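For reference, the structure is listed below as structure tokens.
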Amino acid sequence: MIRKGKYAIHNGSEYSFSLLEDKSIRLISNKYADLSQGFKHLDENIYIKNVSVEEVDLFKINSKAIYKGEVFPASEERRTGKVLLDTTTLNLLKRWGLNEQINICTPNLWNGMK
């Protein structure tokens, strides 16, 4: 699983989160067991808990992958689990005719990786 986005650590566990208008943090869990940690059932498989910023450690994950010696931002295609590489920069370089000048290969990476 490739993780990407904003996360918070609360009481030793890691959660995705959203920032609320009052500057508090809404922790988001998919674990039924978190009900015992003060989370409330929101929807089918979603549990939430609002906490103050002081109660959590916040961090962001931007996953990257190396393909043919180049570093790309990476994400995961949810249905298939394939790795997706963001080739926006390479496509711009190719459009500007610069890819040969800086020796970058531009294969069709949007179809996912094996």
Side-chain angles (χ1 to χ4, degrees):
M1 177 174 93
I2 295 177
R3 297 184 313 149
K4 186 176 185 177
K6 304 177 298 184
Y7 293 89
I9 296 178
H10 178 67
N11 292 337
S13 294
E14 188 178 296
Y15 303 97
S16 59
F17 74 91
S18 59
L19 183 62
L20 302 175
E21 285 184 20
D22 66 359
K23 305 295 184 208
S24 64
I25 302 291
R26 173 166 288 167
L27 302 175
I28 303 164
S29 174
N30 300 109
K31 297 178 185 171
Y32 176 82
D34 282 331
L35 286 172
S36 66
Q37 301 298 316
F39 281 72
K40 295 179 182 172
H41 184 246
L42 178 68
D43 201 3
E44 184 176 322
N45 193 27
I46 300 173
Y47 306 91
I48 60 169
K49 180 178 182 179
N50 294 352
V51 298
S52 69
V53 173
E54 293 79 23
E55 296 178 70
V56 294
D57 292 319
L58 304 175
F59 62 98
K60 187 173 183 178
I61 296 176
N62 290 313
S63 296
K64 300 199 182 298
I66 298 173
Y67 179 72
K68 293 193 175 183
E70 299 297 328
V71 179
F72 299 91
S75 60
E76 183 175 341
E77 207 286 324
R78 290 184 184 191
R79 289 178 292 128
T80 64
K82 288 185 177 182
V83 175
L84 301 175
L85 304 178
D86 182 346
T87 60
T88 304
T89 303
L90 287 181
N91 290 334
L92 285 173
L93 292 172
K94 184 176 183 181
R95 191 171 349 148
W96 295 336
L98 298 174
N99 57 319
E100 287 85 17
Q101 293 175 12
I102 57 174
N103 196 25
I104 294 179
C105 175
T106 56
N108 184 2
L109 300 176
W110 283 110
N111 293 329
M113 305 305 301
K114 294 181 180 179

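Quick caveat: nothing in here was measured; it's all calculated off a predicted structure. Sequential numbering from 1 along the given sequence is applied to the chain's residues.
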Hphob cluster co-occupancy, Leu19 + Leu42, side-chain heavy atoms under 4.5 angstrom: no
Within one Ile-Leu-Val-Met-Phe-Trp-Tyr cluster: Leu27 and Val53, side-chain cutoff 4.5 Å: yes
What is the distance from atom [atom1] of [X] to atom [atom2] of [Y], rounded to the nearest 0.5 Å?
X	Y	atom1	atom2	answer
Leu58	Ile9	CG	CD1	9.5 Å
Asn11	Lys49	CG	NZ	5.5 Å
Lys6	Ile25	NZ	CD1	8.0 Å
Asp43	Ile48	CG	CD1	10.0 Å
Asn30	Glu44	CG	CD	10.5 Å
Asn45	Lys31	CG	NZ	11.5 Å

Ring geometry between Tyr32 and Tyr47 (parallel below 30°, tilted from 30 to 60°, perpendicular above 60°): perpendicular
For the student: nearest non-hydrogen atoms of [X] and [Y], plus distance:
X	Y	value
Phe39	Ser29	CE2-CB, 3.9 Å
Ser36	Ala33	OG-O, 2.7 Å
Asn50	Arg26	OD1-NE, 3.0 Å
Val71	Lys64	CG1-CD, 3.7 Å
Glu76	Gly81	OE2-CA, 3.5 Å

Polar side-chain atom of His10 near backbone of Gly12 as donor-acceptor pair, under 3.5 Å: no
CG/Leu20: more than 12 non-hydrogen atoms of other groups inside 6.0 Å: yes
Working for side-chain contact (heavy atoms from CB on, under 4.5 Å), residues Phe17 and Val51: CA-CA 10 Å; Phe17 74 91; Val51 298; over 6 Å; no
Contact check, side chains of Val56 and Tyr15, non-hydrogen atoms, under 4.5 Å: no
